[in-house]
Novice: 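Below is one structure. I have some questions about it.
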Amino acid sequence: MKFLYRWWQKYGNQLFWGILSILVAWQIYLTQGSFISETLYHIYPSWLFNPQIDREALYQQSTIQELSNKIVILETQNQNLKKIANYIDKSSNKLVPARIIGRSPDAWWQVITIDIGSNKGIKPNLVVMSVGGLVGRVTDVTPNTSRVLLISDYNSRVGATLSRTGYQGFIKGQSTHIGLMEFYAKVGDVKIGDVVKTSNISTIFPPDIPIGKVIAIDINKSPAPEAQIEFTAPIDFLDWVIVDLVEKSPLIDVLQNKK
Amino acid sequence: MLKRLDISSKNKDWLRLFLIVFSLIICCLLLLVRISGLELIGITPNWLLMWLVIWSVKRNLWQSIVAAICLGLIWDSLTGFFPSHILGLIIVSLFTSNVYKDKYVKEDVISLTLIVFGMAIINETIIALQYSIQTQIPLIDIWLNYQKNSLTSAIISSLWTPLIYYPLDYILKPLPFEKK
């Protein structure tokens, strides 16, 4: 008994603080560091002024001007086609701009933290885009921030399709601005410069968001051919991103889970 | 000259605890932001690794391992569960705990910078090993990335170690009565 008491006097303090700190760290782990990202959100504007803060306005002027011209052409075309196909209109996309306040905390991960969260209706698995195309998807949400897994991360998988021929596959990240697309079956007709977009059978990503261009092909790769895809969104130099608030329709998910 | 704040007396435990937690939060925030000059090809110093090294060079094995587990959990919370940083940090703490006890290494900022350089490489190696063993990513991709990541983070981490060594060493050094 005396031995135990002496042991406790010697090490009890250390044991207590050790267990307490592990419990606190475990709590932070369970909440996915929401405390840290919230702190970052609250102090960010005061001490790290972003010199490119006018990007948002800039995008609205030049890029949107350019794109709106194309949209007009496509819309008229689309309306005609809709009349022919008796297409039922789905709800239009609600897009929210977001500023990037945090980058990957490690050389291997490709994640960003953005400054909008569940207060503005962000939920996990929403799609994040930028000028140029797909950027990633939301993985964790706190009241004012959310974490986005970029498509260039090793853990990212995006169902993709070649827009010219319709070949299906998925794109794996490689920690660079070039991703690797694996096709599901043997394909013959893939050319350098072909545009890749999100697949319409993906469970997370809505169809027809541009991802990138084919820059190299390995047709003879043994299980299925592979292509290297250069992402059109500037993954390495992101300042602002756009979050699509419309979740992928649950009906499609249900149908796909049944398959 | 400014009067030095004495945080080593026994009745200032709470101030010390606050400073330790505060320094950890600062390190976590620094991990997330990119300030020009504090990054090299987009890679920021491993602030939590430096914190761990400065903590464990003067601590015994168990205190170092507990700190490594805590920091690993916090770092994982900022990224994701795989690959885990806990394993790498535990190995770092095994190597660095009480390194000044043997008289081979002299206690100064230069030796600490060298230790951080080596430990950053070891930490990255553990992560690369986790990727090679547990995923289907081609090995050549992982180890090419590893070369870039390990060298860059080791260089940038050891470059910025002196900046946080002096304040952190002051906060984290064990009290005289803890040393026994």
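Labels below follow one simple rule: chain letters A, B, ... track the order of the sequence lines, proteins then strands, and each chain is numbered from 1.
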Novice: Taking CZ in B:F22 as the centre, count heavy atoms belonging to other residues, nucleotides or ligands within less than 6.0 Å. Is the count above 12?
Specialist: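 No - once you tally the heavy atoms of other residues, nucleotides and ligands closer than 6.0 Å, there are 12 at most.
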Novice: Could you measure the distance from the CD1 atom of A:I114 to the OG atom of A:S37? Nearest 0.5 Å is fine.
Specialist: 11.5 Å
Novice: Can you pull out the residues in residues 119-127 of chain B with any heavy atom less than 4.5 Å from chain A?
Specialist: B:E124, B:I127
Novice: Side chain, backbone, both or neither: which part of B:T79 has a non-hydrogen atom closer than 4.5 Å to chain A?
Specialist: both
Novice: Enumerate the salt bridge (charged side-chain N to carboxylate O under 4.0 Å, His left out) contacts for residues 140-160 of chain A, please, sequence neighbours excluded, ordered by first and then second residue.
Specialist: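 Matches after skipping sequence neighbours: A:D140-A:R147.
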Novice: Quick check: closest heavy atoms across A:I217 and A:I192, and the distance to 0.1 Å?
Specialist: CD1-N, 3.9 Å
Novice: Go through the atoms of B:I43 and report whether side chain, backbone, both or neither lie under 4.5 Å from a heavy atom of chain A.
Specialist: side chain
Novice: Would you say the side chain of A:D244 lies within less than 4.5 Å of the side chain of A:M129, judging by non-hydrogen atoms?
Specialist: yes
Novice: For B:A128, is it the side chain, the backbone, both or neither that has a heavy atom under 4.5 Å from a heavy atom of chain A?
Specialist: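 The answer is both parts of B:A128.
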Novice: By a 4.5 Å heavy-atom criterion (distance strictly below it), what part of B:D76 contacts chain A: side chain, backbone, both, or neither?
Specialist: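 B:D76 touches chain A through backbone and side-chain heavy atoms alike.
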Novice: Could you measure the distance from the CD1 atom of B:I133 to the CD1 atom of B:I142? Nearest 0.5 Å is fine.
Specialist: 10.0 Å
Novice: Taking every non-hydrogen pair under 4.5 Å, which of B:L31, B:L73, B:D141, B:I65 racks up the most with chain A?
Specialist: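 Highest number of heavy-atom pairs under 4.5 Å: B:L73.
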Novice: At a 4.5 Å cut-off on heavy atoms, which part of B:Y146 comes close to chain A: side chain, backbone, both, or neither?
Specialist: both
Novice: Using a distance-only test with no angle check, is there a side-chain donor-acceptor pair under 3.5 angstrom linking A:N119 and A:N144?
Specialist: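 Yes, a side-chain donor-acceptor pair sits under 3.5 Å.
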Novice: Count the heavy atoms belonging to other residues, nucleotides or ligands that lie under 6.0 Å from CH2 of B:W62, then report whether that count exceeds 12.
Specialist: no
Novice: Checking side-chain polar atoms at under 3.5 Å, does B:S77 have a donor or acceptor matched by the opposite partner on A:Q32?
Specialist: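 Result is no, nothing qualifies.
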Novice: Given the ring of B:W14, does B:R16 sit roughly above its face, with NZ or CZ under 6.0 Å from the centre of the six-membered ring and within 45° of the axis?
Specialist: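 The answer is no, since B:R16 fails at least one limit relative to B:W14.
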Novice: Can you say whether B:P83 sits under 4.5 Å from chain A via the side chain, the backbone, both, or neither, judging by heavy atoms?
Specialist: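 Contact with chain A: backbone and side chain both.
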Novice: Does a side-chain heavy-atom distance below 4.5 Å link B:L71 with B:L24?
Specialist: yes
Novice: Could you tell me the separation between the NZ atom of A:K123 and the OG atom of A:S118, rounded to the nearest 0.5 Å?
Specialist: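 OG of A:S118 is found 10.5 Å from NZ of A:K123.
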Novice: Measure the CD1-CZ distance between A:I171 and A:F231 for me, rounded to the nearest 0.5 Å.
Specialist: 6.0 Å
Novice: Between A:T31 and A:I28, is there a donor-acceptor pair closer than 3.5 Å when you use the side chain of the first and the backbone of the second?
Specialist: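 Yes: the side chain of A:T31 pairs with the backbone of A:I28.
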Novice: Does anything in residues 19-27 of chain A get under 4.5 Å of chain B by heavy atoms, and if so which residues?
Specialist: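 Answer by number: A:S21, A:I22, A:A25, A:W26.
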Novice: Below 4.5 Å, heavy-atom pairs only: which of A:S175, A:G102, A:S104 has the largest tally toward chain B?
Specialist: A:S104
Novice: Where along residues 157-168 of chain B does a heavy atom come under 4.5 Å of chain A, listed by residue number?
Specialist: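 At a heavy-atom separation under 4.5 Å, chain A is reached by no residue of residues 157-168 of chain B.
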Novice: Taking the six-membered ring for Trp and the full ring for Phe, Tyr or His, determine whether the centres of A:W108 and B:Y131 are under 6.0 Å apart.
Specialist: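 Under 6.0 Å, so yes.
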Novice: Under 3.5 Å, is there a donor-acceptor pair linking the side chains of B:W51 and B:S23?
Specialist: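 Judged by distance alone, the side chains do pair up.
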Novice: Heavy atoms only, distances under 4.5 angstrom: which of B:V66, B:T44, B:L78 has the most pairs with chain A? Name it, please.
Specialist: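 It is B:L78.
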Novice: Taking the ring of A:W7 and the ring of A:F3, is the distance between their centroids below 6.0 Å?
Specialist: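 No: the rings miss the under 6.0 Å criterion.
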Novice: Find the one option among B:T152, B:N46, B:N145, B:I25 whose heavy-atom pairs under 4.5 Å with chain A are most numerous.
Specialist: B:N145
Novice: What part of B:W75 lies closer than 4.5 angstrom to a heavy atom of chain A: side chain, backbone, both or neither?
Specialist: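 The answer is the side chain of B:W75.
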Novice: Tell me, side chain or backbone of B:I41 under 4.5 Å from chain A's heavy atoms, or both, or neither?
Specialist: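 Neither the backbone nor the side chain of B:I41 comes within 4.5 Å of chain A.
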